[in-house]
Number of protein chains: 2
Amino acid sequence: MENQQIKQAGLKVTVPRVKILGILEHSGKRHLSAEDVYKELLRQDEEIGLATVYRVLTQFEGAGLVCRRHFEGGQSVFELNSGSHHDHLVCIKCGKIVEFVDSLIEDRQTAIAAEHGFRIEDHSLVVYGLCAGCQNAR
Amino acid sequence: MENQQIKQAGLKVTVPRVKILGILEHSGKRHLSAEDVYKELLRQDEEIGLATVYRVLTQFEGAGLVCRRHFEGGQSVFELNSGSHHDHLVCIKCGKIVEFVDSLIEDRQTAIAAEHGFRIEDHSLVVYGLCAGCQNAR
DNA sequence: AGCAAGATGCGAAAGATTTTCAGTTTACCA
DNA sequence: TGGTAAACTGAAAATCTTTCGCATCTTGCT
Ligand SMILES: [Mn+2]
Ligand SMILES: [Mn+2]
Ligand SMILES: [Zn+2]
Ligand SMILES: [Zn+2]
């Protein structure tokens, strides 16, 4: 269960951490903002402050349990670290998110970085557009 | 000169606008934060407020004169709109920025979006790493 | 020159995230 | 099982970047 992952991450097992990890795992949505997590905690009648939510998410990120994403506009969103990298397609109207991986793109990035003498540490690719549903909706 | 571009953009020619456009054109750096522009104005003894800098940059963006980029960390940066799209390679140590365009990547993005029924409106690709110089520096 | 629309500068406000701090909880061991 | 140091927590205050509100100037045009 959650306790083990938290312990393995080198963190003490506390109520906020267990609850937050639980929400990330079982809330249905894969990409949640700190605010989303906080609202879900309120719904569950947990007395956990927003500052703690940010703190815990940041610790989880440091421990490699979650990934933080900075999409355009407002808040960052967090998602469980699936272990494998992926990029995102985001609908600018309804917020729908589709994940994808494309080895051709990954390879080109590596090649381009090499051409310029860079050693890649990370990258962020986000494609914004209208999903099928939102293209029709008039 | 600057006056023409501003006028063509449908904006009144004012001192702040002329100065800011001038800085974007001749400051040596291609990617500047609002704060960078503001500091340069102070250096030139111009009495222009930071709020005006943000306002003008946003207007320039709306008029298509500049592009706003949201790289990791704090501030957005602005650059003159070169007319053609490009992505960025950013050194996480010294801040060096290299611009690039890769049609293979662009094509794959279009194909992937199509596969998922999305119509692309925009995209952001930023590769973070260490530039040649920073890899050696010990 | 004279005027109305549009801009500016300033301080205040906003929104997201982080820090501070005093009071709690957890992990560990006698 | 206690006893305790270290780690953690909630709430409020602080930061940081960007935007607003508004009284006061400028610009573009007669
Ligand atoms: Mn994802
Ligand atoms: Mn650029
Ligand atoms: Zn949609
Ligand atoms: Zn560098």
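Basis for what follows: all heavy atoms, side chains included, without hydrogens, waters or symmetry-related copies. Labels below follow one simple rule: chain letters A, B, ... track the order of the sequence lines, proteins then strands, and each chain is numbered from 1.
What you find for F118(B) and C91(A) is that their closest heavy atoms are CE2-N, 3.6 Å.
When rounded to the nearest whole Å, the span between CD1 of I6(B) and P of dG28(D) equals 10 Å. Here dT18(D) presents its P atom at 12 Å from CD of E61(B), a figure rounded to the nearest Å. The CD atom of E47(A) sits 16 Å away from the C1' atom of dA12(D) (whole-angstrom rounding). The distance between atom NZ of K19(A) and atom P of dT9(D), rounded to the nearest whole Å, is 14 Å. For the pair D36(B) CG and dC16(D) P, the interatomic distance rounds to 16 Å; values are reported in whole Å. Atom pair K7(A):NZ and dA7(D):P shows a separation of 16 Å (rounding to whole Å applied). To the nearest angstrom, P of dA4(C) lies 13 Å from NZ of K12(B). Rounded to whole Å, atom P of dT18(D) lies 16 Å from atom CD of Q59(B).
Residue T58(A) is in sugar-phosphate contact alone, with no base atom involved, counting any heavy-atom pair closer than 4.0 Å across all strands shown. At the heavy-atom level, E35(B) lies nowhere under 4.0 Å from the strands shown.
Take the nearest nucleotide of DNA chain C for V53(B) and for R68(A): the residue whose nucleotide is more 5' is V53(B). Nearer the 5' end of DNA chain D, as judged by each residue's closest nucleotide, is the contact made by Q75(B), out of L11(B) and Q75(B).
Ion pair R17(A)/E2(A) not flagged as a salt bridge, since none of the NZ, NE, NH1 or NH2 atoms sits closer than 4.0 Å to an Asp/Glu carboxylate oxygen.
When distances are taken from the side chain of P16(B) to each of dT8(C), dT18(D), dT27(D), the shortest belongs to dT8(C).
The six-membered or imidazole ring of F71(A) lies near that of H88(A), with a centre-to-centre distance under 6.0 Å.
Side-chain N/O atoms of R17(A) include one lying less than 4.0 angstrom from OP1 or OP2 on dT9(D). Dashed line: the shortest gap from a side-chain N or O of Y54(A) to OP1 or OP2 of dT17(C) is under 4.0 Å. Checking the phosphate oxygens (OP1, OP2) of dT19(D), no side-chain nitrogen or oxygen of R55(B) falls inside 4.0 Å. For dA7(C), neither phosphate oxygen OP1 nor OP2 lies less than 4.0 angstrom from any side-chain nitrogen or oxygen of T52(B). At the phosphate of dT18(D), OP1 or OP2 sits under 4.0 Å from a side-chain N or O atom of S76(B). Between T14(B) and dT8(C), a side-chain N or O to OP1/OP2 separation shorter than 4.0 Å is present.
In this structure a side-chain-to-backbone donor-acceptor pair under 3.5 Å is missing from T52(B) to I48(B).
A donor-acceptor contact closer than 3.5 angstrom links the side chains of R68(A) and T58(A).
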